Amino acid sequence: MEAAPAAVMERERLTAEMAFRGADEALRDGGGEPAPSIVIKIRRRLPDFARNIKLKYVKLGIRHGGSPTSVLPMLCVPAIAAAAYSFVRLDVIYYSIDLLTCVAWLGTALLLLTVYYFKRPRPVYLVEFACYKPEEQLKISKSAFLEMTESTGSFNEAALDFQTKITNRSALGDETYLPPGVQARPPRLNMAEARMEAEAVMFGCLDALFQSTGIDPRRDVRILIVNCSLFNPTPSLASMIINHYRMREDVKSFNLGGMGCSAGLIAIDLAKDMLQANPNSYAVVLSTENITLNWYFGNDRSMLLSNCIFRMGGAAALLSNKRADAGRAKYRLLHTVRTHKGATDECFNCVYQREDEVGKVGVSLARELMAVAGDALKTNITTLGPLVLPLSEQLKFLKSLMTRRVFRVKGVRPYIPDFRRAFEHFCVHAGGRAVLEEVQRSLSLQDTDMEPSKCSLHRFGNTSSSSLWYELAYAEAKGRVRRGHRVWQIGFGSGFKCNSAVWRALRDVPALSSSSPGAAAGPDRKGAQSKSCCNPWVDDVDRYPPKAYV
């Protein structure tokens, strides 16, 4: 395997791509048997969103936001206007006829409103969410991580050098967490350790969630959705939760696997659909990833990135469709938009779990990763735009579109809407430093917009699908979430998928500080997260953001 030149490596960021050298080149360099080798390169930029915006995705967004039921209130307007007109022109001759017409129009309007009332979608509220904060002894600094990696004896010099350079530029801090099975010398990577990690994460955030909300999991939870991409034991993780909390026998449980880092928003979308079909219900969504059985001990550099950036974490959210919860809920779910590019082989294979040359399993990243991610993001935001953008931004987009498509004016670039006018908070999946910086550039976001994502990556690392909740918890801890604010969560995942969820804050969320009452209920004497504390930033919010992102 050929190492990348030092000058090139110095310019590299976090996202990798693979290039395969041909057999002829391999023979020319070293002679002997031709063998393909891999060169790790970096694609530094996402595709330009201003090129080739497809109208079919705009139309999809318009259809996504409309439903037959939503037009019923608008139909009431002409009915009421006709009733008013009939009433105004009453006279002696037409008294009985016009009065009957007026009553008929009013009855029609009342009927439409009645149908809308009973057929309208049920509101979905986010009552509370809790993020897991591991015990203090599970913290690992970058230097300790590199020392641990070297002590295993599983990596050659090129792989160690690669991990060192990636770790030093990964933007992770020195207080991320790894499970005990990975940190052990020698590592204990077995099913028992993986179950212990899963139980610690799942029960840790669920205990905090249930105690904070006062929900009895034995009686109140009717829908349970768990997503974990790479660890799917039998019985399932959902069954482990049901057994631990002795949940009701008719609980509707779902276990989502193999769906990557965007599975958390897929679980939210599934919970929304389930709550539409089951009135007066609570749904619990738990998002996590398991590190223990998915640590890679090979030398294929396309598979080593996950070791450098993925860390221990998880989050649980309580959703409700009970109107009585509107007063205590934090957010209301407005939209979910899901984009799946898996119909093409290029997208399907760009993040792929496989065996390397010596049979060791890992997740490889193809050279098309950044291009695929950019295309998926472009499709997703094009679909989302008509649902969330103010009319002024949509008119600007329409104007540029008409100029190019109708009047055929050359040199006019499509107008990229300003999403900062649609949202106050942005939670972009903390997949890596390069991804965050490129999303910020592509969407013209400010540093303050990306602060929750960058700080979450620095403090907790890439916690897969749960990272979006660590980011929202950061915004809450800073006291930035106010009533009426809109939150945009964006998740990426293998397949390849890009998913969005839009929330509106229903109340102000007070800030946290080390001297606040919540801090007093922070980590206990063992360093574990207190069951009554849902926010993992309670002890760290005053230290963030750091002066410089490492």
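The figures that follow rest on heavy atoms only: side chains count, while hydrogens, waters and symmetry mates do not. The structure presented is a predicted model; accordingly, all values stated were derived computationally and were not measured.
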Assess whether a salt bridge exists between [X] and [Y], defined as any Lys/Arg side-chain N lying under 4.0 Å from an Asp/Glu carboxylate O.
X: K272; Y: D269; result: yes
X: R433; Y: E437; result: yes
X: K133; Y: D540; result: yes
X: E451; Y: R480; result: yes

Check step by step if salt bridge (Lys or Arg N to Asp or Glu O under 4.0 Å) holds for R301 and D356.
CA-CA 10 Å; R301 283 184 278 182; D356 64 10; over 6 Å; no
Stepwise side chain to side chain donor-acceptor pair (under 3.5 Å) check, E193 with T292:
CA-CA 7 Å; E193 287 289 337; T292 301; 5.7 Å; no
Would you say [X]'s side chain and [Y]'s backbone share a donor-acceptor pair under 3.5 angstrom?
X: K252; Y: I223; answer: no
X: E197; Y: I291; answer: yes
X: S229; Y: G257; answer: no

State, yes or no, whether a side-chain contact exists between [X] and [Y] at a heavy-atom distance under 4.5 Å.
X: L237; Y: E199; answer: no
X: R188; Y: P180; answer: yes
X: E476; Y: P452; answer: no
X: E471; Y: F460; answer: no
X: S464; Y: F310; answer: yes
X: L318; Y: L126; answer: no
X: L293; Y: L230; answer: no
X: V481; Y: W503; answer: no

Nearest non-hydrogen partners of [X] and [Y], listed with the distance:
X: N299; Y: N156; answer: OD1-N, 2.8 Å
X: S444; Y: R420; answer: O-CD, 3.8 Å
X: A267; Y: N227; answer: CB-OD1, 3.8 Å
X: L389; Y: D418; answer: CD2-O, 4.1 Å

Between S236 and S239, does the side chain to side chain donor-acceptor pair (under 3.5 Å) criterion hold? Intermediate values first, please.
CA-CA 5 Å; S236 67; S239 295; 3.2 Å; yes
Decide if atom [atom1] of [X] counts as having more than 12 heavy atoms of other residues, nucleotides or ligands within a radius under 6.0 Å.
X: E150; atom1: CD; value: no
X: F254; atom1: CZ; value: yes
X: M196; atom1: CE; value: no

Under 3.5 Å, is there a donor-acceptor pair linking the side chains of [X] and [Y]?
X: T167; Y: S170; result: no
X: Y474; Y: N535; result: no
X: Y331; Y: R486; result: no

In terms of relative ring orientation, are [X] and [Y] parallel, tilted or perpendicular, with 30° and 60° separating the classes?
X: W295; Y: F145; value: perpendicular
X: W469; Y: F129; value: tilted
X: F492; Y: H429; value: tilted

Hey, could you give me the [atom1]/[atom2] distance between [X] and [Y], rounded to the nearest 0.5 Å?
X: L472; Y: W488; atom1: CG; atom2: CH2; result: 15.5 Å
X: S154; Y: Y296; atom1: OG; atom2: OH; result: 10.5 Å
X: C131; Y: W537; atom1: SG; atom2: CH2; result: 10.0 Å
X: I225; Y: I268; atom1: CD1; atom2: CD1; result: 7.5 Å
X: K142; Y: I166; atom1: NZ; atom2: CD1; result: 12.5 Å
X: Y544; Y: R459; atom1: OH; atom2: CZ; result: 5.5 Å

Applying the side chain to side chain donor-acceptor pair (under 3.5 Å) criterion to T339, which one of T383, T382, N380 satisfies it?
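Answer after filtering T383, T382, N380: N380.
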Please report the C-alpha distance between T176 and K139 in whole Å, then the side-chain angles of each, then the deciding distance to 0.1 Å, and finally whether the side chain to side chain donor-acceptor pair (under 3.5 Å) criterion is met.
CA-CA 5 Å; T176 58; K139 282 184 179 180; over 6 Å; no
Aromatic contact, H340 with F496 (centres under 6.0 Å):
no
Report the C-alpha distance between T463 and R311 in whole Å, list the side-chain angles of each, state the deciding distance to 0.1 Å, and finish with yes or no for side chain to side chain donor-acceptor pair (under 3.5 Å).
CA-CA 5 Å; T463 60; R311 293 296 184 263; over 6 Å; no
Using the side chain to side chain donor-acceptor pair (under 3.5 Å) criterion, which residues pair with Q440? Sequence neighbours excluded.
D447, K454
Here's a test for you: under side chain to side chain contact (heavy atoms under 4.5 Å, CB included), which of N499, L387, I490 qualifies with V337?
L387
